[in-house]
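In what follows, every heavy atom counts, from backbone to side chain, and hydrogens, waters and symmetry copies are set aside. In the text below, chain A, chain B and the rest are named by the order of the sequence lines, each starting its count at 1. What you are looking at is a predicted structure, and each value in this text was computed from that prediction instead of being measured.
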There are 2 protein chains.
Amino acid sequence: MVRTTKQRAAIAEALRRAARPLLPSEILSEAQQSVPNLNLATIYRNLNLLIEERLVASVHLPGQPARFEIAGHHHHHFHCRQCDKVFDIHACSSAISQLAPKGFAVDDHEVILYGRCPSCGPARQTRAARPRQARR
Amino acid sequence: MVRTTKQRAAIAEALRRAARPLLPSEILSEAQQSVPNLNLATIYRNLNLLIEERLVASVHLPGQPARFEIAGHHHHHFHCRQCDKVFDIHACSSAISQLAPKGFAVDDHEVILYGRCPSCGPARQTRAARPRQARR
DNA sequence: ATATGTGCAAAGCATTTGCGGAGAT
DNA sequence: ATCTCCGCAAATGCTTTGCACATAT
């Protein structure tokens with residue numbers, strides 16, 4: 001039986017407060033304000049629990065560690081190449097599932113948009129070399 | 001200056017022969033047939049080189065290690081939940097980039113479809129618990 | 001000849017797990 | 001009292017890196 005612990009509450013609270021998907025390390029520093037000696041392993045364990053309960057969803061971006069957010073309705077993500085933040089896109093074209101050739105049964109899909117977010121503004125063409133995605 | 005080595009040739013050859021994105025380990029066993037004591041580190045180093053030259057593209061699927069394929073025209077991927085293989089989808093709706101709210105400048109996008117591939121057939125509803133994506 | 005590439009082993013990161021003790025029911 | 005959960009440290013899996021030697025130019 002699943003118990004209520006202050007750790008789990010703090011983790012869910014951190015996610016609820018955030019307007020965007022968070023890294024485990026971000027959840028850690030956020031939640032540590034209410035549970036000081038909270039551990040990363042506990043974060044991961046609870047994230048997996050919350051995901052199984054479908055309360056939380058994981059957001060995977062190419063070449064990046066997983067982020068996590070409160071599960072809501074179906075939506076997609078926008079990844080800003082400049083500031084590296086991830087934003088929710090609350091729009092979805094149902095035509096997407098029809099891209100598969102016949103014979104393929106599609107039950108879900110995922111869309112990631114890349115570009116620059118409003119606060120990073122339009123791309124400047126006068127840049128020596130665009131800062132490519134950081135290696136880990 | 002970039003040199004031509006039999007290792008690099010074997011790696012590119014393995015990718016060229018494959019009709020789908022390959023795991024580094026798959027490239028290894030494939031390429032080891034022409035270069036027996038080929039090393040995984042060499043695979044990774046060359047993949048990164050080939051990616052910089054835009055000859056190879058990496059394919060990242062949520063919760064899975066990266067796969068690699070010969071870079072071609074813009075396309076997307078289908079991930080079979082049953083056999084875990086990844087297939088190329090040579091179709092794309094240009095409407096996708098329009099999903100972003102205004103203020104967001106989209107320069108690229110990625111689409112992943114999930115479901116069952118032709119050889120795995122349609123989902124059976126009489127299954128105790130669907131075999132969820134294997135943990136690593 | 002010299003710079004680049006390779007193999008091997010070790011290091012790095014993100015994530016998971018074993019274990020003994022703490023806390024929720 | 002019992003069973004779940006936590007913190008810590010160690011383990012794991014993928015990927016990168018340091019180093020000494022090999023090889024393409």
When B/Asn37 and A/Arg67 are each assigned the nearest nucleotide of DNA chain C, the 5'-most assignment goes to B/Asn37
Give the rounded distance in Å between these two atoms: CD1 of B/Ile43 and C1' of D/dT15.
13 Å
Taking NE2 from B/His60 and P from D/dT15, how many angstroms apart are they, rounded to a whole number?
8 Å
Rounded to whole Å, how long is the line connecting atom CZ of B/Phe68 with atom P of D/dT15?
6 Å
N/O-N/O pairs, protein side and nucleotides 19-21 of chain D side, under 3.5 Å:
none

Give the nucleotide from the list D/dT15, C/dC8, C/dT15 with an atom nearest to the side chain of B/Asn39.
C/dC8
Between B/Leu40 and A/Leu49, the residue closer to the 5' end of DNA chain D by nearest nucleotide is A/Leu49
Residue pair B/Thr42 / B/Ile11: nearest heavy atoms and the distance that separates them
O-CD1, 4.1 Å
Counting heavy atoms from C-beta on, name the nucleotide in D/dT15, D/dA24, D/dC5 closest to the side chain of B/Thr5.
D/dA24
For B/Ala71 versus B/Arg54, what's the shortest heavy-atom pair and its separation?
CB-O, 3.5 Å
Look at A/Asn48 and C/dT16 and indicate whether a side-chain polar atom (N or O) is within less than 4.0 Å of OP1 or OP2.
yes
Just how far, in rounded Å, is P of C/dT2 from CZ of B/Arg3?
13 Å
A/Lys6 NZ to C/dA24 P, in whole Å, measures 6 Å
Which of the following nucleotides, D/dC14, D/dC6, D/dT16, is nearest to the side chain of B/Ala41?
D/dT16
Sidechain-backbone polar pair: B/Arg20 side chain, B/Phe87 backbone, donor-acceptor under 3.5 Å
no
Specify the separation, in whole Å, of atom CD1 of A/Ile51 and atom C1' of C/dT15.
12 Å
Might you point out which heavy atoms bring B/Val86 and B/His79 nearest each other, and give the distance in Å?
CG2-CD2, 4.2 Å
Between C/dG7 and B/Gln7, is there an OP1 or OP2 to side-chain N/O distance shorter than 4.0 Å?
yes
Least distance between heavy atoms, A/Ala10 atom then A/Ser34 atom:
CB-OG, 3.5 Å
Assess, by modelled atom type and distance only, whether the side chains of A/His74 and A/His109 contain a donor and an acceptor separated by less than 3.5 Å.
yes
Taking only side-chain N and O atoms of A/Thr42, does any of them lie within less than 4.0 angstrom of OP1 or OP2 on D/dC6?
no
Verify, without hydrogens or angle tests, whether A/His60 (side chain) and B/Pro62 (backbone) share a donor-acceptor contact under 3.5 angstrom.
no
In whole Å, what is the span from the CG atom of A/Leu38 to the P atom of C/dA22?
18 Å
In short, B/Pro101 meets A/Ile89 closest at the heavy-atom pair CD-CD1, 3.5 Å
Looking only at the side chain of A/Val35 (C-beta and beyond, no hydrogens), which of the listed nucleotides C/dT15, D/dG7, C/dT6 gets closest?
D/dG7
Does a nitrogen or oxygen in the side chain of A/Tyr44 sit under 4.0 Å from OP1 or OP2 of C/dT15?
yes
Which whole-number value in Å describes the distance from A/Asn46 CG to C/dA24 P?
13 Å
In terms of side-chain heavy atoms of A/Pro65, which of C/dG5, D/dC6, C/dA14 is nearest?
C/dA14
